[in-house]
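As the structure is a computational prediction, the values presented were derived from the model and not from experiment. Values below: all heavy atoms of this structure, side chains included; hydrogens, waters and symmetry mates excluded.
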Amino acid sequence: MLIGLISDTHIPDRRVKLPQKVLETFENVDLILHAGDITSKSVIDELETIAPVVAVEGNMDRVHGEMDLPPSRVIEVEGHKIGIIHGEVYPRGDTQQLYYHALQLEADILVSGHSHVAQLEKIKEVILINPGSPTNPRLSDPSVALMEINGNEIAIEFVQTGRPVCSALNFFEEKAKNDK
């Protein structure tokens, strides 16, 4: 099964729309997992035109209040338990804390976001994946990830979705285009 992984889209508060590269990257996926900070239901609606979406609430989703999403989900794919959380740990992206979240969820794969930085780490038997942010990266390239599960084989690929640039410039550049 091919799964698209995405987090921290922040639309429309930090970017006007999803980059076209995200839609192209997810074109053939069977499922999309969104690890929160969606901020607009329109993002889920757009992604659902490609594949079913399983999403969780991020800290900014609580602020915008447009969706009623759970803080965590666990799904099973080909015998693997995949946990999905936003990953509000401090310092951001702390893998030790994320590992314990995975243990609490009894997941052998944990998809999270919040740090806006792509990350892949395996601690003992738990795979921790953060796809980064396709719209608002922090000192990294904008990105999403693809995870292919074939039985016990798990392959993860990060895909750059745009050029690295200050995210504030992205927002103002797009807003200027739309205001014309």
All N/O donor-acceptor pairs, side-chain side in residues 78-86, below 3.5 Å, sequence neighbours left out:
| from | atom 1 | to | atom 2 | distance (Å) |
| --- | --- | --- | --- | --- |
| E78 | OE1 | G151 | N | 2.7 |
| E78 | OE2 | M1 | N | 3.2 |
| H80 | ND1 | D108 | OD2 | 3.0 |
| H80 | NE2 | G151 | O | 2.7 |
| H86 | ND1 | A35 | O | 2.7 |
| H86 | NE2 | D37 | OD2 | 3.2 |
| H86 | NE2 | N59 | OD1 | 3.0 |
| H86 | NE2 | H114 | ND1 | 3.1 |

Verify same cluster id: [X], [Y] (apolar side-chain graph, 4.5 Å):
X: I156; Y: V22; answer: no
X: V89; Y: L103; answer: yes
X: I50; Y: I3; answer: no
X: I149; Y: L2; answer: no
X: L110; Y: L120; answer: no

Checklist entry - Taking only residues two or more places apart in sequence, or in another chain, which ones meet K21 in a side chain to side chain contact (heavy atoms under 4.5 Å, CB included)? => result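 Testing K21 for side chain to side chain contact (heavy atoms under 4.5 Å, CB included), a comparison that skips the adjacent residues, returns E24, T25, V159, T161.
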Next on the checklist: If the condition is side chain to side chain contact (heavy atoms under 4.5 Å, CB included), which residues does A107 pass it with, not counting sequence neighbours?
Outcome noted: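 Counting only residues at least two positions away or on another chain, A107 forms a side chain to side chain contact (heavy atoms under 4.5 Å, CB included) with L105.
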Item to check | Euclidean distance, H116 NE2 relative to S7 OG, rounded to 0.5 Å | outcome: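 One gets 7.0 Å once the value is rounded to the nearest 0.5 Å.
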Checklist entry - Checking side chain to side chain contact (heavy atoms under 4.5 Å, CB included) against L33, which of I109, V77, L5 comes through? => result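 Considering I109, V77, L5, a side chain to side chain contact (heavy atoms under 4.5 Å, CB included) with L33 is found only for L5.
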Item to check | Identified side chain to side chain contact (heavy atoms under 4.5 Å, CB included) partner of I32 from the options I44, V54, I6, V144 | outcome: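 Among I44, V54, I6, V144, the one that satisfies the side chain to side chain contact (heavy atoms under 4.5 Å, CB included) with I32 is I6.
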Just to verify, what does [X] make a side chain to side chain donor-acceptor pair (under 3.5 Å) with, not counting sequence neighbours?
X: S40; value: S42
X: S143; value: none
X: E88; value: R62

Could you tabulate the donor-acceptor pairs under 3.5 Å formed by side-chain atoms of residues 122-134, not counting sequence neighbours?
| from | atom 1 | to | atom 2 | distance (Å) |
| --- | --- | --- | --- | --- |
| N130 | OD1 | G132 | N | 2.8 |
| N130 | ND2 | G113 | O | 3.1 |
| N130 | ND2 | S115 | OG | 3.0 |
| S133 | OG | D8 | O | 2.6 |
| S133 | OG | T135 | N | 3.3 |
| S133 | OG | N136 | N | 2.9 |

Taking all atoms of both residues into account, what is the closest heavy-atom pair of [X] and [Y], and its distance?
X: L31; Y: P52; answer: CD1-O, 3.4 Å
X: F26; Y: A145; answer: CE2-O, 3.7 Å
X: R73; Y: P70; answer: CD-CG, 3.2 Å

Qualifying salt bridge (Lys or Arg N to Asp or Glu O under 4.0 Å) pairs, either residue in [range], two or more places apart:
range: residues 90-105; result: none
range: residues 142-153; result: none
range: residues 42-52; result: K41-D45

Can you tell if the side chain of [X] reaches within under 4.5 Å of the side chain of [Y], non-hydrogen atoms only?
X: H34; Y: V56; answer: no
X: I11; Y: V16; answer: no
X: V74; Y: E106; answer: no
X: V29; Y: L146; answer: yes

Next on the checklist: For D68, is there any backbone N or O sitting under 3.5 Å from a side-chain donor or acceptor partner on E57?
Outcome noted: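 No, E57 side chain to D68 backbone: no donor-acceptor pair under 3.5 Å.
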Next on the checklist: Can you confirm if the aromatic rings of H10 and H64 lie within a centre distance of less than 6.0 Å?
Outcome noted: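 So the answer is no for these two rings.
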Checklist entry - Would R15 and T9 count as a side-chain contact (heavy atoms from CB on, under 4.5 Å) if you check the C-alpha gap in whole Å, the side-chain angles of each, and the deciding distance to 0.1 Å? => result CA-CA 8 Å; R15 184 85 183 247; T9 47; over 6 Å; no
Checklist entry - With sequence neighbours left out, what residues match E76 under salt bridge (charged side-chain N to carboxylate O under 4.0 Å, His left out)? => result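 Testing E76 for salt bridge (charged side-chain N to carboxylate O under 4.0 Å, His left out), a comparison that skips the adjacent residues, returns none.
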Checklist entry - Mind checking who shares a hydrophobic cluster with V117, ILVMFWY linked at side-chain heavy-atom distances under 4.5 Å? => result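 Its cluster mates, by chain and number: none.
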Next on the checklist: Check this for me: Y99, atom OH, are more than 12 non-hydrogen atoms of other residues, nucleotides or ligands nearer than 6.0 Å?
Outcome noted: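 Count over threshold, so yes.
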Item to check | Heavy-atom neighbours of N150 CG exceed 12 at 6.0 Å | outcome: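 Buried by this count: over 12 neighbours within 6.0 Å.
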